[in-house]
Enquirer: 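Take a look at the following structure, please.
Here the structure is a predicted model, which is why all the values come from computation and not from measurement.
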Amino acid sequence: MQEIKILVDKFEKHADPEQAIPMASYMKNHLPFLGIKTPERNQLLKEFFSETEINKMPFSPDFVKQLWSFKEREYHYAALSYCQKYKKVFTSEHIPFFQKLITTNSWWDTVDTIAPHIIGEIASRFLKIIPQYIDNWATDENMWLKRSAILFQLKYKSNTNADLLYRYCLVNADSKEFFIQKAIGWALREYSKTNPESVRNFIQSHTLPELSIREGSKYI
């Protein structure tokens with residue numbers, strides 16, 4: 001795709017190998033970086049979208065897939081920036097596509113964009129994806145699908161299905177995985193801003209990891 005070449009040229013011209021080292025280190029060297037900080041990357045993407053107008057065309061899964069195939073993390077961020085421009089038009093049919101993104105090049109930074117901002121938006125309009133997909137994610141062997149299930153309601157506030165949230169927390173309450181314990185705490189903390197009494201009662205009535213309790217209790 002011509003758009004891929006344009007974006008690659010932009011990013012490569014602004015790559016900073018020295019800056020890439022601490023950026024990769026912050027992400028536990030899980031994936032390499034070009035060394036483009038967020039403000040500069042956002043500006044480059046703004047220019048890219050303005051020049052190509054690709055975001056005014058129908059959503060292109062191939063564009064996302066090609067960006068996802070690069071090893072440097074900035075390309076994955078670019079793919080998700082593009083995806084978020086279409087989040088209001090995605091349907092339940094797009095869930096397998098995003099499940100693939102969640103389970104590929106996986107780390108908290110991309111998963112925490114996809115789960116609440118894209119999956120959460122789709123689920124708010126297509127409730128059938130919860131029993132069809134997300135219920136299974138909550139108990140899947142893949143840690144990032146579990147985290148996505150716990151976090152997909154993160155932005156729901158008063159629209160949160162508390163029973164669902166608590167069920168996903170409980171089925172993962174015995175997890176020793178940091179990213180799962182942290183997700184439980186984060187989801188509970190966020191919901192406590194809307195319904196502190198409910199979260200307080202849940203935490204007091206169930207056995208949860210200490211990290212989850214500490215995170216979930218911050219505002220109550």
Side-chain angles (χ1 to χ4, degrees), residues 59 61 64-65 68 76-77 79-175 177-196 198-199 202-203 206 208-209 211-213 215-220:
F59 177 70
V64 176
K65 290 177 182 177
W68 219 253
H76 309 156
Y77 295 156
L80 293 183
S81 293
Y82 170 73
C83 287
Q84 289 197 74
K85 294 181 180 296
Y86 295 85
K87 64 182 182 180
K88 296 291 186 180
V89 300
F90 289 139
T91 71
S92 57
E93 302 301 318
H94 290 93
I95 294 298
F97 176 78
F98 286 107
Q99 179 172 325
K100 183 68 173 178
L101 296 189
I102 289 170
T103 55
T104 310
N105 296 325
S106 309
W107 202 240
W108 63 263
D109 50 347
T110 50
V111 170
D112 293 0
T113 296
I114 298 170
H117 296 288
I118 297 177
I119 300 301
E121 170 61 34
I122 298 173
S124 71
R125 292 180 285 109
F126 298 91
L127 293 177
K128 67 179 182 180
I129 75 165
I130 296 173
Q132 189 175 1
Y133 292 102
I134 303 178
D135 277 350
N136 295 326
W137 290 1
T139 56
D140 197 274
E141 290 183 1
N142 186 285
M143 171 182 69
W144 301 110
L145 288 176
K146 289 181 179 179
R147 184 174 171 97
S148 296
I150 295 166
L151 295 179
F152 88 95
Q153 297 190 91
L154 201 65
K155 306 297 181 183
Y156 279 22
K157 298 183 179 179
S158 61
N159 292 321
T160 299
N161 181 331
D163 290 341
L164 192 67
L165 169 62
Y166 296 155
R167 175 156 60 87
Y168 291 170
C169 290
L170 288 176
V171 297
N172 288 288
D174 61 349
S175 175
E177 174 54 57
F178 169 83
F179 287 109
I180 298 302
Q181 295 185 4
K182 190 81 170 181
I184 292 172
W186 185 14
L188 293 176
R189 182 175 76 242
E190 200 63 25
Y191 185 48
S192 76
K193 298 175 183 177
T194 299
N195 197 336
S198 174
V199 174
F202 175 73
I203 290 175
H206 298 88
L208 299 171
L211 174 59
S212 301
I213 294 172
E215 292 289 327
S217 302
K218 281 188 176 179
Y219 298 130
I220 56 174

Enquirer: Rounded to the nearest 0.5 Å, how far does NE2 of His94 lie from CG of Leu101?
Expert: 11.5 Å
Enquirer: Write down the atom of Ile114, the atom of Leu80, and the distance for their closest heavy-atom approach.
Expert: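 For Ile114 versus Leu80, the nearest heavy atoms are CG1-CD2, 3.7 Å.
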Enquirer: Working to the nearest 0.5 angstrom, can you tell me the gap between Trp68 CH2 and Thr104 OG1?
Expert: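 Nearest 0.5 Å value for the CH2-OG1 distance: 8.0 Å.
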Enquirer: Using every non-hydrogen atom in the two residues, find where Ile184 and Asn172 come nearest and quote the distance to one decimal.
Expert: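 The answer is CD1-O, 3.8 Å.
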Enquirer: Measure across Leu127 and Ala123 and return the closest heavy-atom pair with its distance rounded to 0.1 Å.
Expert: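 Minimum heavy-atom separation between Leu127 and Ala123: CD2-O, 3.4 Å.
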Enquirer: Carefully, step by step, assess Ile220 and Ile203 under the rule side chain to side chain contact (heavy atoms under 4.5 Å, CB included).
Expert: CA-CA 11 Å; Ile220 56 174; Ile203 290 175; 4.1 Å; yes
Enquirer: Would you mind checking if Arg189 and Glu215 are paired as a salt bridge, meaning a charged N to carboxylate O distance below 4.0 Å?
Expert: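 Here Glu215 pairs with Arg189 in a salt bridge, since their nearest N and O are under 4.0 Å apart.
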Enquirer: Hey, what do you get for CG (Asn195) to OG1 (Thr160), rounding to the nearest 0.5 Å?
Expert: 9.0 Å
Enquirer: Please examine the side chains of Val199 and Tyr219, heavy atoms only from C-beta on, and report whether any two atoms are closer than 4.5 Å.
Expert: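 They are not in contact (no side-chain heavy atoms under 4.5 Å apart), so the answer is no.
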Enquirer: Kindly indicate, with the supporting measurements, whether the criterion side chain to side chain contact (heavy atoms under 4.5 Å, CB included) is fulfilled by Gln99 and Tyr133.
Expert: CA-CA 9 Å; Gln99 179 172 325; Tyr133 292 102; 3.9 Å; yes
Enquirer: Nearest 0.5 Å please: distance from the CG atom of Asp112 over to the CG atom of Leu151.
Expert: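 If we round to the nearest 0.5 Å, Asp112:CG and Leu151:CG are 5.5 Å apart.
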Enquirer: Return yes if some donor-acceptor pair links the side-chain N/O of Ser212 with the main-chain N/O of Leu208 below 3.5 Å, else return no.
Expert: no
Enquirer: State, yes or no, whether a side-chain contact exists between Arg147 and Trp186 at a heavy-atom distance under 4.5 Å.
Expert: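 Yes, close enough: below the 4.5 Å cut-off.
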Enquirer: For ring-ring contact (aromatic ring centres under 6.0 Å, His included), just list the numbers for Trp137 and Tyr168, CA-CA rounded to whole Å, side-chain angles, deciding distance to a tenth of an Å, and then say yes or no.
Expert: CA-CA 9 Å; Trp137 290 1; Tyr168 291 170; 9.7 Å; no
Enquirer: Using a cut-off of 6.0 Å, state whether more than 12 heavy atoms not belonging to Lys100 lie near its atom NZ.
Expert: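 It does not: Lys100 NZ has 12 such atoms or fewer within range.
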Enquirer: If you compare all heavy atoms of Phe90 against all heavy atoms of Arg125, which two are closest, and at what distance to 0.1 Å?
Expert: O-NH2, 2.8 Å
Enquirer: Should we count NZ of Lys157 as having more than 12 external heavy atoms under 6.0 Å?
Expert: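 No - once you tally the heavy atoms of other residues, nucleotides and ligands closer than 6.0 Å, there are 12 at most.
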Enquirer: Just so I know, are the side chains of Tyr156 and Tyr191 near enough to count as touching, which here means a heavy-atom distance under 4.5 Å?
Expert: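 Side chain of Tyr156 against side chain of Tyr191, heavy atoms only: no contact under 4.5 Å found.
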Enquirer: Which residue in the set Phe97, Phe59, Phe98 passes ring pair (Phe, Tyr, Trp, His ring centres under 6.0 Å) when paired with Tyr86?
Expert: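 Running ring pair (Phe, Tyr, Trp, His ring centres under 6.0 Å) over Phe97, Phe59, Phe98 with Tyr86 returns exactly one hit, Phe59.
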Enquirer: Answer whether the closest heavy-atom distance between the side chains of Gln84 and Thr113 falls below 4.5 Å.
Expert: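 SC-SC contact between Gln84 and Thr113 confirmed.
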Enquirer: Once you round to the nearest 0.5 Å, how far does CD1 of Ile150 lie from OG of Ser175?
Expert: 8.0 Å
Enquirer: Taking the side chain as every heavy atom from C-beta outward, state whether Leu145 and Asn136 have any atom pair closer than 4.5 Å.
Expert: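 No; the side chains remain at least 4.5 Å from each other.
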Enquirer: Before giving the answer on side chain to side chain contact (heavy atoms under 4.5 Å, CB included), spell out for Ile130 and Asp135 the whole-Å C-alpha distance, their side-chain angles and the decisive distance to 0.1 Å.
Expert: CA-CA 6 Å; Ile130 296 173; Asp135 277 350; 3.8 Å; yes
Enquirer: Would you find a donor on one side and an acceptor on the other, under 3.5 Å apart, between the side chain of Arg167 and the backbone of Ala162?
Expert: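 Not confirmed, Arg167 side chain does not pair with Ala162 backbone.
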Enquirer: Go through Val111 and Ser148 one step at a time and tell me if the side chain to side chain contact (heavy atoms under 4.5 Å, CB included) criterion holds.
Expert: CA-CA 7 Å; Val111 170; Ser148 296; 3.5 Å; yes
Enquirer: Between atom SG of Cys169 and atom NE2 of His206, what is the distance when rounded to the nearest 0.5 Å?
Expert: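 Those atoms lie 10.0 Å apart.
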Enquirer: Between Trp144 and Trp107, is the ring-ring contact (aromatic ring centres under 6.0 Å, His included) condition met? List the steps.
Expert: CA-CA 8 Å; Trp144 301 110; Trp107 202 240; 5.8 Å; yes
Enquirer: Work out which heavy atom in Leu154 is nearest to a heavy atom in Glu190; give both atom names and the distance.
Expert: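 Closest approach of Leu154 to Glu190: O-CG, 3.2 Å.
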Enquirer: Pick out which of Ile95, Thr91, Val89 makes a side-chain contact (heavy atoms from CB on, under 4.5 Å) with Ile122.
Expert: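 Exactly one option meets the side-chain contact (heavy atoms from CB on, under 4.5 Å) with Ile122, and it is Ile95.
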Enquirer: Are the side chains of Thr139 and Lys146 in touch, meaning some heavy atoms are under 4.5 Å apart?
Expert: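 No, every pair of side-chain atoms sits at 4.5 Å or beyond.
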Enquirer: If every non-hydrogen atom of Glu121 is compared with every non-hydrogen atom of Lys87, which pair is closest and at what distance?
Expert: CG-O, 3.2 Å
